[in-house]
Visitor: 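So that we are looking at the same thing, I have put the structure below in structure tokens.
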Number of protein chains: 2
Amino acid sequence: MKAGNMARRMSKTRKTKDKGSKSGKKRATSYDVAELAGVSQSAVSRVFQDGASASKAMRERVMAAADKLGYRPNAIARGLITQRSNMVAVVISKLTNLYYPEVLVQLTQRFSERNVRVLLFALEREGDTGSVVEQMLQYRVDGVITAAMFSPEQLRTIESAHIPVVFYNRTSREPLVSSVRCDQEAGERWLVDELVRAGHRSFGVVEGPEDSVVSIERKMGALNELTQLGITDVTTVSGDFGYETGRACFSELVEKRGNVPDAVIAANDVMAIGCIDEAREGHGLHVPDDISIVGFDGVGPARYAAYDVTTVRQPVQRMTESAASMLLERIERPELSPEKRAFSGIPIRGGSARLLKTGE
Amino acid sequence: MKAGNMARRMSKTRKTKDKGSKSGKKRATSYDVAELAGVSQSAVSRVFQDGASASKAMRERVMAAADKLGYRPNAIARGLITQRSNMVAVVISKLTNLYYPEVLVQLTQRFSERNVRVLLFALEREGDTGSVVEQMLQYRVDGVITAAMFSPEQLRTIESAHIPVVFYNRTSREPLVSSVRCDQEAGERWLVDELVRAGHRSFGVVEGPEDSVVSIERKMGALNELTQLGITDVTTVSGDFGYETGRACFSELVEKRGNVPDAVIAANDVMAIGCIDEAREGHGLHVPDDISIVGFDGVGPARYAAYDVTTVRQPVQRMTESAASMLLERIERPELSPEKRAFSGIPIRGGSARLLKTGE
DNA sequence: GGCAGTATTGCATTCGTATGCAATTTGGCG
DNA sequence: CGCCAAATTGCATACGAATGCAATACTGCC
């Protein structure tokens with residue numbers, strides 16, 4: 001009954017083996033294991049699944065054979081038949097940002113725990129999403145987490161393939177996508193409020209690259225709150241989230257204004273650090289006595305003693321945990337409606353800004 | 001002639017469509033495209049390959065149909081039949097190291113350029129390679145780049161699956177693996193030589209985690225050279241490559257010695273920065289007047305003005321480029337023998353160490 | 001126009017696993 | 001011991017694309 005099948009497989013296998021004389025034998029398949037264990041291929045398949053029915057005896061025989069052959073189920077073939085690759089795409093731009101590495105590691109670990117693999121797409125700039133969509137779709141990823149922007153058209157393409165997407169720190173007008181974000185506006189509001197409470201009246205704002213949604217939200221959050229509080233002496237310059245432009249921006253700011261503002265609000269910690277260095281070295285200023293400088297993110301270097309940046313830390317743990325859970329949930333149950341979650345940042349009263357004591 | 005085939009496919013397809021009433025139609029396959037274009041599935045397949053023969057007319061018809069259906073070749077299915085997934089595994093430990101993010105981004109981009117996808121495995125610690133091997137093999141990656149250590153047994157497992165491996169910044173006694181590394185010993189030698197030339201005679205050495213090969217190589221490189229030069233006043237303490245332990249290590253060092261050494265050699269830049277902060281804040285020392293502190297890696301923060309770390313920069317560009325090329329080459333031609341490449345680091349004379357001027 | 005030679009195209013099979021269905025075994029229990 | 005239900009197992013086929021081989025369509029040339 002099964003002889004025919006076996007014979008077919010065997011003869012083919014043999015032929016293949018003979019051909020590949022040098023590199024030795026091919027990887028073992030479920031048929032090889034089945035043959036050695038004297039059972040059917042279906043049985044092998046079932047033993048290597050969770051909820052499948054297989055007797056203890058069967059399980060043992062198959063496992064023994066599998067061990068002997070070094071058999072491992074082929075996830076590619078499995079993906080083909082189950083229509084689930086168990087891979088998700090993580091799209092991230094310019095990791096040199098210092099903030100994303102942590103996000104990436106955590107996301108990867110969260111997915112690993114749940115037995116999902118991460119296909120990484122690293123963009124040079126946020127806009128470079130060109131072939132990424134194409135690749136994701138070709139590899140039939142089950143879902144996407146993106147910290148970069150896709151065009152509406154790209155989104156439609158992804159959506160038409162029924163692949164759930166979770167935006168990380170960015171939202172989209174499209175109502176179909178889920179997102180996890182840190183409430184940048186609220187964070188900036190806190191920073192502005194504290195600075196103003198402590199008597200700062202003239203401001204410099206250092207924004208990030210123009211194609212970054214995060215930067216825009218932070219800038220607008222700060223500017224709106226400043227306006228709200230009746231502060232009009234505000235100068236804006238823009239950098240690229242990097243240290244060097246942070247330094248350049250500070251000088252540009254001073255030059256543009258013709259004086260030194262009471263405080264500088266940088267779109268992220270790295271640029272804040274650049275500003276601090278330039279204030280000290282380039283302009284002989286003392287931080288925070290002569291000027292207050294604040295950032296955003298709460299990255300590692302912001303805590304270095306030489307800077308001790310006053311900032312708002314993103315709750316990365318909770319955000320990545322949420323992002324992973326939301327994505328997996330939507331993969332499991334595509335009928336669920338999208339969800340948007342916003343987390344508050346954690347205020348860090350560092351030494352780079354002259355603030356009132358808490359409760360003062 | 002093709003009617004039978006078509007009919008079979010069509011009936012099946014229809015049935016599937018009807019069942020999945022809610023989510024609409026399934027993703028288009030090459031059969032769907034073939035049907036619409038009035039050609040065979042093979043033709044479609046050929047149009048979507050590089051070196052396949054297809055007439056201009058054919059190409060156009062198929063492409064038109066494919067566009068209309070939003071067809072994309074299924075990389076999973078392709079991988080199954082071609083025995084090539086076009087995915088490589090990149091294994092990296094604890095990205096918070098600040099050095100690896102850049103490596104990761106660059107590797108990913110190099111592979112992307114060559115149309116190869118990256119499956120990311122992020123380890124909490126270097127040792128956590130447990131299930132990683134299993135996963136890599138199940139997904140049939142074409143190759144592996146690892147910045148973590150695998151046990152000899154794990155290596156044998158990978159090797160028996162004929163998957164080429166390139167070690168990044170670590171070598172293995174096993175002769176079968178290729179590797180790309182920065183010559184840590186030479187770098188440390190340079191640092192030690194310069195420090196000794198400039199008159200430093202007592203040393204502290206801050207090593208990294210014990211399971212890190214990189215740390216061991218750096219420590220041994222420094223210690224050997226110190227011995228070589230007849231310096232015996234050397235104290236060693238160990239951290240974990242992180243900022244906080246850098247600070248702790250400095251204090252521990254001073255306490256252990258009962259005095260402040262002329263120079264501290266840290267296993268990486270981040271710990272060097274920690275040492276600098278602790279020297280300044282915790283011990284009121286001036287860097288480099290009272291003490292010289294050097295690191296290794298050449299990461300971003302090492303160039304911040306407040307630290308300006310004297311260090312050895314790894315040539316990341318060339319190293320990642322090499323790693324990617326070597327891996328792809330070995331994938332293409334498995335018969336090639338492994339190769340080990342070592343790159344010299346780039347000496348950076350920062351302000352954190354009192355060295356003689358060049359040529360002095 | 002005819003013929004050899006080449007470029008296209010289609011057919012049939014293959015990759016390795018999952019799974020519906022039917023057949024078989026096992027177990028429980030009177 | 002027998003009988004029914006439940007658990008286990010095997011068979012056959014599907015997933016979606018690639019490819020050797022054979023059939024067919026072009027091409028150029030005399």
Side-chain angles (χ1 to χ4, degrees), chain A residues 1-6 8-9 11-13 15-16 26-35 37-59 61-62 66 69 71-86 138-140, chain B residues 1-6 8-9 11-13 15-16 19 26-35 37-59 61-62 66 69 71-86 137-140:
Chain A
M1 26 189 74
K2 71 190 168 196
N5 203 353
M6 283 302 159
R8 201 188 85 224
R9 298 285 315 183
S11 68
K12 192 188 50 53
T13 306
K15 212 183 295 174
T16 317
K26 307 281 296 179
R27 319 260 288 254
T29 73
S30 54
Y31 278 100
D32 301 330
V33 176
E35 186 186 0
V39 301
S40 75
Q41 179 268 331
S42 334
V44 177
S45 170
R46 290 189 174 107
V47 167
F48 279 88
Q49 287 181 65
D50 343 82
S53 77
S55 67
K56 192 155 151 278
M58 173 92 266
R59 218 169 278 279
R61 293 189 59 175
V62 169
L69 295 176
Y71 168 76
R72 294 178 172 66
N74 182 329
I76 298 291
R78 172 179 295 173
L80 184 57
I81 188 77
T82 60
Q83 308 281 49
R84 278 281 289 270
S85 62
N86 282 313
Q138 289 197 11
Y139 275 83
R140 299 301 194 263
Chain B
M1 26 190 73
K2 70 190 166 195
N5 204 351
M6 282 302 158
R8 200 188 88 226
R9 299 285 314 183
S11 68
K12 192 186 48 53
T13 306
K15 213 182 296 174
T16 318
K19 196 172 55 183
K26 307 282 296 179
R27 317 262 288 256
T29 74
S30 55
Y31 280 98
D32 301 330
V33 176
E35 185 186 0
V39 300
S40 74
Q41 179 268 331
S42 334
V44 177
S45 171
R46 289 190 174 107
V47 167
F48 279 88
Q49 287 180 65
D50 343 82
S53 78
S55 66
K56 192 155 150 280
M58 173 92 266
R59 218 170 277 281
R61 295 188 59 176
V62 169
L69 296 177
Y71 168 76
R72 296 177 170 65
N74 182 328
I76 299 289
R78 172 180 295 172
L80 185 57
I81 188 77
T82 61
Q83 307 281 48
R84 278 280 290 269
S85 63
N86 282 312
L137 295 185
Q138 289 198 10
Y139 275 82
R140 300 300 195 263

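First the proteins, then the strands, lettered A, B, ... as listed; each starts at 1. Here the structure is a predicted model, which means the values were calculated and not measured. What's counted below: heavy atoms across the whole structure, side chains too, no hydrogens, waters or symmetry copies.
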Visitor: Is it the case that the side chain of B:R84 and the backbone of B:R78 share a donor-acceptor pair, with hydrogens and angles ignored and the cut-off at 3.5 Å?
Guide: no
Visitor: Kindly write out the residues that satisfy side chain to side chain contact (heavy atoms under 4.5 Å, CB included) with A:Q83, not counting sequence neighbours, or none if the list is empty.
Guide: B:K26
Visitor: Could you tell me whether A:R72 contacts a base, only the sugar-phosphate backbone, or nothing, with contacts defined as non-hydrogen atoms closer than 4.0 Å?
Guide: sugar-phosphate
Visitor: Expressed as a whole number of angstroms, how long is the span from A:R140:CZ to C:dT17:P?
Guide: 20 Å
Visitor: B:R27 CZ to D:dA14 P: how many Å, rounded?
Guide: 21 Å
Visitor: Are any side-chain N or O atoms of A:S85 and backbone N or O atoms of A:R140, one a donor and one an acceptor, separated by less than 3.5 Å?
Guide: yes
Visitor: Mind checking what makes salt bridge (charged side-chain N to carboxylate O under 4.0 Å, His left out) contact with B:R59, not counting sequence neighbours?
Guide: none
Visitor: Nearest-Å distance, CZ (B:F48) to P (C:dT9)?
Guide: 15 Å
Visitor: If you define the side chain from C-beta out and look only at heavy atoms, does anything of B:N74 sit under 4.5 Å from A:L80?
Guide: yes
Visitor: Do you know the tightest heavy-atom contact between A:A66 and A:F48?
Guide: CB-CZ, 3.8 Å
Visitor: For B:S45, check side-chain hydrogen bond (donor to acceptor under 3.5 Å, both in side chains) against everything at least two apart and list the hits.
Guide: B:Q49
Visitor: Given C:dT17, is OP1 or OP2 found less than 4.0 Å from the side-chain N or O atoms of A:S45?
Guide: no
Visitor: Take the protein atom CD of A:E35 and the nucleotide atom C1' of C:dT17, then report the distance between them rounded to whole Å.
Guide: 17 Å
Visitor: Do the non-hydrogen side-chain atoms of A:V44 and A:Y31 ever get within less than 4.5 Å of each other?
Guide: no
Visitor: Atom CD of A:Q41 to atom C1' of D:dC11: distance rounded to whole Å?
Guide: 11 Å
Visitor: Consider the side chain of A:Q49, meaning its heavy atoms from C-beta on, and name the nucleotide among D:dA17, C:dT17, C:dT19 that approaches it most closely.
Guide: C:dT19
Visitor: Can you see if the side chain of B:S30 gets near the phosphate of D:dA17 - specifically, an N or O under 4.0 Å from OP1 or OP2?
Guide: yes
Visitor: Under 4.0 Å from OP1 or OP2 of C:dT17: is there any side-chain N or O of A:Y71 that close?
Guide: yes
Visitor: Consider the side chain of B:S42, meaning its heavy atoms from C-beta on, and name the nucleotide among C:dG10, D:dA17, D:dG10 that approaches it most closely.
Guide: C:dG10
Visitor: Applying salt bridge (charged side-chain N to carboxylate O under 4.0 Å, His left out), can you list everything that pairs with A:R61, at least two apart in sequence or on another chain?
Guide: none
Visitor: Looking at residues 76-83 of chain A, who's got a heavy atom less than 4.0 Å off DNA chain C?
Guide: A:A77, A:R78, A:I81, A:T82
Visitor: Name the pairs: protein N/O against N/O of nucleotides 6-9 of chain D, kept only if under 3.5 Å.
Guide:
residue : atom : partner : partner atom : Å
D:dT9   : OP1  : A:S55   : OG           : 2.6
D:dT9   : OP2  : A:S55   : N            : 2.8
D:dT9   : OP2  : A:S55   : OG           : 3.4

Visitor: Can you check the A:Y31 OH to D:dC11 P distance for me, whole Å?
Guide: 10 Å
Visitor: For the pair made of CG in B:N74 and P in C:dC15, what is the distance, rounded to whole Å?
Guide: 18 Å
